[in-house]
Amino acid sequence: MEGRLTLSDVEGLAAARMDPYWFAFLQGGAGAERTLAENVGAYGMWRPRQRILCGIESASTHVTVLGHDLGSPVVVAPVAYQRMAHPDGEEGLARAAAAVGSAFCLSTFATASPQDVAAAAPDVVRFLQVYVFRDRSVTRELIAEAVDAGFSAVFLTVDLAVVGARDRERRVTWTFPEESLPSVRRAIAAGATDDALAMMDPALDWAYLEELVASTPVPVVVKGVLDPEDAVLAAEHGAAGIVVSNHGGRQLDGVMPTLEALPAIVDAVGDRLEVLLDGGIRRGTDVAVALALGARAVLAGRLPVWGLAAGGEETARDVLELLREEVSIALHLMGCESPAALSSSCLVPAAR
Ligand SMILES: Cc1cc2nc3c(=O)[nH]c(=O)nc-3n(C[C@H](O)[C@H](O)[C@H](O)COP(=O)(O)O)c2cc1C
């Protein structure tokens, strides 16, 4: 009899099925990939406390993010070019997220448009990730299309002013027809002639965030915060939330792993905005640790995309459901009936 999928196996299944170029793109980090490795390793610095005889029937995994009740605390992170992982693409991963009551964040560099995703997964809680085109009208139109299509937040990614130095991408040949990305098509129609990354504005500032907040009818979340001072500035300039993120270790190598950055950021902002975190989420226990240290929810990037690559929408759904189940198991064994019961007192530092 064939065994069932585990979260440990999904990366290997993706590697076996994906084109080697796209797998390199998906896996890679910046520089010597220290931050990439430390994002994953940081969860091992904390140990959940095992609590007993707590009388819990079953632990809930519900959290509230930007006013949405989500059945899972794991949101699908924006990851570019999902159709390169599997023909089910963004539509398939959005449907997988809907099936487990999670939310889906669509990349600016998605191979599907906001309308496509809304049509394929009308029930999913959906957010649009924004890279800002030099031609602001392109970004405005993309956001307008998304808002019309029921996207309920904009995630402004701010840690990609320039692309990190990524060895794995240098070693393979880029073959993607960028003009097939709906957002890039939109920019070309408006007169852009550069390659897609050169179409983006590298010099955004806090005034832009304020402008975006003022002109956007849905909440704006700043993705890519790693410093408490920036977290406070994001609150002061009107962000409804932040994602503590280093872009999955793909940008500035050597920066702190996100879990290490989280506690000081949570302390600095208090209740002024919602704090989410991504980077290195591979198991349900990772999610429980991040939530205990103050994240309201987490985003996962590579893990659900490995699922998509391994077996399309169905395997992506299995991965998200397994993660949700593992969170429930972890909470139960930590003596917490729901994520709201988690706090730093549920953890102890690992002995070094
Ligand atoms: C292949 C790949 C493509 C990504 N594309 C985007 C993107 O288009 N926009 C964005 O904001 N973040 C992007 N990210 C970063 C993710 O949203 C997220 O921050 C990161 O993957 C979290 O780390 P994890 O992969 O360890 O879960 C990408 C990450 C990967 C691995």
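Whatever order the structure lists them in is the order used to number ligands and atoms, beginning at 1.
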Are side-chain heavy atoms of V79 and F109 found at a separation under 4.5 Å? no
Short list, please: which atoms of ligand 1 are under 4.0 Å from a heavy atom of S107? 7 (C), 8 (O)
Hydrogens and angles aside, do S8 and R283 bring a side-chain donor and acceptor to less than 3.5 Å of each other? yes
Are N246 and N39 close enough that a side-chain donor and a side-chain acceptor fall under 3.5 Å? yes
At under 4.0 Å between heavy atoms, is it the side chain or the backbone of L26 that contacts ligand 1, or both, or neither? both
Aromatic ring pairing Y131/H247, orientation class (parallel under 30°, perpendicular over 60°, tilted between): parallel
With a 4.0 Å cut-off on heavy atoms, does Y131 reach ligand 1? yes
Has R126 got its NZ or CZ under 6.0 Å from the middle of the six-membered ring of F104, at an angle within 45 degrees of the ring axis? no
Anything under 30° is parallel, anything over 60° is perpendicular, the rest tilted; go ahead and classify W22 against F25. perpendicular
For ligand 1, is F25 a contact, meaning one of its heavy atoms is under 4.0 Å away? yes
R250 N/O under 3.5 Å from ligand 1 N/O: no
Please tell me whether S245 and D278 have a donor and an acceptor in their side chains that are separated by less than 3.5 angstrom. yes
With heavy atoms only and a cut-off of under 4.0 Å, state how Q27 meets ligand 1: side chain, backbone, both or neither. neither
Counting only heavy atoms from other residues, nucleotides and ligands, does the tally under 6.0 Å from CZ of R47 exceed 12? no
Would G280 count as a polar contact of ligand 1, with the cut-off being nitrogen or oxygen pairs under 3.5 Å? yes
Shortest protein heavy-atom distance from atom 24 (P) of ligand 1, along with the residue and atom involved: R302 NH1, 3.6 Å
Note: ligand 1 atoms sitting under 4.0 Å from heavy atoms of R282 are 24 (P), 26 (O), 27 (O)
One finds that the ligand 1 atoms under 4.0 Å from a non-hydrogen atom of G279 are 22 (C), 23 (O), 26 (O)
For ligand 1, find out whether one of its N or O atoms is nearer than 3.5 Å to an N or O atom of V79. no
Rounded to the nearest 0.5 Å, what separates atom CG in L156 from atom OH in Y208? 6.0 Å
From the list R302, R250, R168, E11, side chain to side chain donor-acceptor pair (under 3.5 Å) with Q27 holds only for E11
Pair T111, Q82: side-chain N/O donor-acceptor within cut-off below 3.5 Å: no
Is it true that the side chains of T315 and D318 contain a donor and an acceptor less than 3.5 Å apart? no
Considering distance alone, does some N or O of A80 sit under 3.5 Å from an N or O of ligand 1? yes
With atom 16 (C) of ligand 1 as the reference point, say which of A24, P78, G29 has the nearest heavy atom. P78
Under 4.0 Å from any heavy atom of T157, which atoms of ligand 1 are there? 10 (C), 11 (O)
Which residue holds the protein heavy atom closest to atom 12 (N) of ligand 1, what is that atom called, and what is the gap in Å? K223 NZ, 3.0 Å
Say whether N39 and ligand 1 are in contact under the criterion: heavy-atom distance to a ligand atom below 4.0 Å. no
Would you check whether D278 has a nitrogen or oxygen atom less than 3.5 angstrom from a nitrogen or oxygen atom of ligand 1? yes
Pick from P304, A110, G301, A300: the one approaching atom 21 (O) of ligand 1 most closely through a non-hydrogen atom: G301
By number and element, which atoms of ligand 1 are closer than 4.0 Å to a non-hydrogen atom of A77? 17 (O)
Which of parallel (below 30°), tilted (30 to 60°) and perpendicular (above 60°) describes H68 and F127? tilted
What are the atoms of ligand 1, with element, lying closer than 4.0 Å to any heavy atom of S245? 19 (O)
Ligand 1-proximal atoms of M84, by part, heavy-atom distance under 4.0 Å: neither
